[in-house]
Amino acid sequence: MEELRPSGGPAPQPFPALFPPGLHAIYGECRRLYPEQPNPLQVTAIVKYWLGGPDPLDYVSMYRNLGSPARGVPEHWHYVSFGLSDLYGDNRVHEYTGTDGSSGFGFELTFRLKREAEESAPPTWPAELMQGLARYVFQSENTFCSGDHVSWHSPLDNSESRIQHMLLTEDPQMQPVQTPFGMVSFLQIVGICTEELHAAQQWNGQGILELLRTVPVAGGPWLITDMRRGETIFEIDPHLQQERVDKGIETEGSNLSGVSAKCAWDDLSRPPEDEDDSRSICIGTQQRRLSGKDTEQIREALRRGLEINSKSVLPPISSQRHNGMNHDRAPSRKDSLESESSAALIPHELIRTRQLESVHLKFNQESGTLIPLCLRGRLLHGRHFTYKSITGDTAITFVSTGVEGAFATEEHPYAAHGPWLQILLTEELVEKMLEDLEDLSSPEELKLPKEYSWPANKLKISILPDTVFDNPLH
């Protein structure tokens with residue numbers, strides 16, 4: 001439960017101990033921007049998180065920003081969170097770690113919502129949106145960085161809006177502040193359409209933010225969210241997809257190094273009756289798990305593959321929402337590849353790496369449509385791409401000949417370590433596969449199941465309905 005009230009502002013200077021120092025520091029930055037609004041409306045958590053309440057943010061302040069007509073910045077509401085950073089310094093929420101590092105998670109969220117002509121007070125739904133993101137951060141211990149994208153799969157204000165996902169960027173006006181408990185920066189939520197999310201996933205978030213800044217109705221220089229925006233930037237300017245996004249992927253490659261997905265693999269070089277057959281491992285009918293060492297290897301491989309961004313998380317692409325959201329690519333205090341299975345049920349030393357003669361890869365449609373991106377945006381740029389199963393411990397990593405540390409080699413291009421399969425593809429094979437997989441770029445015309453085969457390479461890929469993965473024994 002939350003309540004709306006004017007903020008009291010800081011206590012008079014003679015009684016500074018009554019006012020939490022972390023809160024005071026953030027208020028100071030807000031007062032610098034809004035000296036004429038010392039007591040903005042606030043949404044307040046009635047039962048604070050540290051007293052067992054559900055909302056991690058103690059407060060969300062809401063300011064009226066007049067924008068900058070000369071720069072094409074419309075009037076808007078500016079929301080600022082209080083609670084992701086350490087407000088109190090007494091370990092009630094965040095562990096106090098001194099003044100040198102980050103305060104709490106090191107950031108607070110902001111949001112800029114275009115003010116509609118009829119609005120005299122700010123809508124309060126953005127406060128609940130911010131609480132939802134904050135819950136995710138507290139529960140997963142994943143932090144956010146500028147350029148990250150969040151798959152929300154629902155209109156941000158629960159309307160019929162096309163704005164259903166988010167990018168994060170530095171707030172254009174709020175400067176990082178030094179508090180007695182460490183540094184706090186301000187990350188602004190930017191509402192985006194599904195097509196813009198996909199472009200951010202396939203290229204990179206910063207590139208799409210830059211495009212949004214150039215389109216006034218889609219954000220403009222301060223990246224203001226307009227929930228009534230009915231067109232994507234690619235509908236407003238059709239040249240952006242081809243000339244900026246596609247060209248960006250081609251010249252720079254993709255920042256996306258892996259996804260959580262519905263996928264499986266079969267070792268076609270083994271007789272099905274073999275009790276240790278990979279199909280039973282990969283589809284999850286046996287209790288075989290990725291070992292902690294394998295998990296660490298995948299993590300390290302992912303770190304090496306992100307030349308532009310050295311982060312190592314597999315972003316979910318499924319439309320199922322975990323705690324109301326999917327967060328795509330963010331650094332983590334507790335790496336997202338860790339699972340209850342990190343302590344392997346089968347000791348790492350007992351699982352030897354197997355060279356396979358022939359493999360069959362299986363993906364659902366959503367995962368399959370990313371294969372061309374994996375090949376064109378990653379492998380042709382000397383990188384790798386990993387599919388990590390969301391329904392089990394299966395992992396499939398595609399590697400190019402230039403990736404170090406892979407156990408797949410040109411001599412043995414298919415190699416498995418327990419349920420983790422690595423596939424090394426030469427540039428020549430990648431080019432051939434891109435030709436053959438061209439219809440994956442028009443998923444709406446794809447009839448499932450669909451099979452692709454490269455007999456000379458003993459490789460088969462099937463795109464299957466979701467039900468196959470939801471019901472692995474059928």
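Bear in mind the structure is a predicted one, so any value in this text is a computation, not a measurement.
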Chi angles and distances behind the salt bridge (Lys or Arg N to Asp or Glu O under 4.0 Å) call for Arg135, Glu128: CA-CA 10 Å; Arg135 279 184 215 108; Glu128 183 48 44; 3.1 Å; yes
Any luck finding a side-chain donor-acceptor pair between [X] and [Y] under 3.5 Å?
{"X": "Trp203", "Y": "Glu252", "value": "yes"}
{"X": "Glu427", "Y": "Ser400", "value": "no"}
{"X": "His94", "Y": "Tyr88", "value": "no"}
{"X": "Gln201", "Y": "Asn255", "value": "no"}
{"X": "Ser367", "Y": "Asn364", "value": "yes"}
{"X": "Ser257", "Y": "His384", "value": "no"}
{"X": "Gln202", "Y": "Arg376", "value": "no"}
{"X": "Glu75", "Y": "Asn65", "value": "no"}
{"X": "Asp171", "Y": "His78", "value": "yes"}
{"X": "Gln164", "Y": "Ser154", "value": "no"}
{"X": "Glu119", "Y": "Trp77", "value": "yes"}
{"X": "Arg64", "Y": "Gln37", "value": "no"}
{"X": "Arg115", "Y": "His76", "value": "no"}

The single option from Thr397, Val259, Leu361, Thr394 passing side-chain contact (heavy atoms from CB on, under 4.5 Å) against Tyr387: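 In the set Thr397, Val259, Leu361, Thr394, the residue that makes a side-chain contact (heavy atoms from CB on, under 4.5 Å) with Tyr387 is Val259.
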From Val80, Thr44, Ile26, residue fulfilling side-chain contact (heavy atoms from CB on, under 4.5 Å) relative to Tyr59: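 The single option meeting the side-chain contact (heavy atoms from CB on, under 4.5 Å) with Tyr59 is Thr44.
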Looking only at heavy atoms, what is the nearest atom pair of [X] and [Y], with distance?
{"X": "Ala218", "Y": "Leu212", "answer": "O-CD2, 3.6 Å"}
{"X": "Asp157", "Y": "Met227", "answer": "OD1-CE, 3.3 Å"}
{"X": "Phe181", "Y": "Leu87", "answer": "CE1-O, 3.6 Å"}
{"X": "Ser161", "Y": "Ser159", "answer": "N-OG, 3.0 Å"}

Are [X] and [Y] close enough for a salt bridge, meaning some N to O gap below 4.0 Å?
{"X": "Asp90", "Y": "Arg92", "value": "yes"}
{"X": "Lys247", "Y": "Glu250", "value": "no"}
{"X": "Glu195", "Y": "Arg162", "value": "yes"}
{"X": "Glu196", "Y": "Arg229", "value": "yes"}
{"X": "Lys48", "Y": "Asp55", "value": "no"}

Glu108: side-chain hydrogen bond (donor to acceptor under 3.5 Å, both in side chains) partners, not counting sequence neighbours: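 Ser81, Ser85.
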Side chains of [X] and [Y], heavy atoms from C-beta outward: is any pair under 4.5 Å?
{"X": "Thr169", "Y": "Leu187", "value": "no"}
{"X": "Val245", "Y": "Phe234", "value": "yes"}
{"X": "Ile236", "Y": "Val217", "value": "yes"}

Flag, side chain of Asp148 to backbone of Leu168, donor-acceptor distance under 3.5 Å: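 The answer is no, because no donor-acceptor pair under 3.5 Å joins these two groups.
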Do the rings of [X] and [Y] sit parallel, tilted or perpendicular, given the 30° and 60° boundaries?
{"X": "His24", "Y": "Phe19", "result": "perpendicular"}
{"X": "Tyr27", "Y": "Phe82", "result": "tilted"}
{"X": "Tyr79", "Y": "Phe111", "result": "tilted"}

Neighbour count above 12 (heavy atom, 6.0 Å) for Glu36 CD: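 It does: Glu36 CD has more than 12 such atoms within range.
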Set of residues satisfying side chain to side chain contact (heavy atoms under 4.5 Å, CB included) with respect to Glu29, sequence neighbours excluded: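 Counting only residues at least two positions away or on another chain, Glu29 forms a side chain to side chain contact (heavy atoms under 4.5 Å, CB included) with Arg32, Met174, Gln175, Val177, Phe186.
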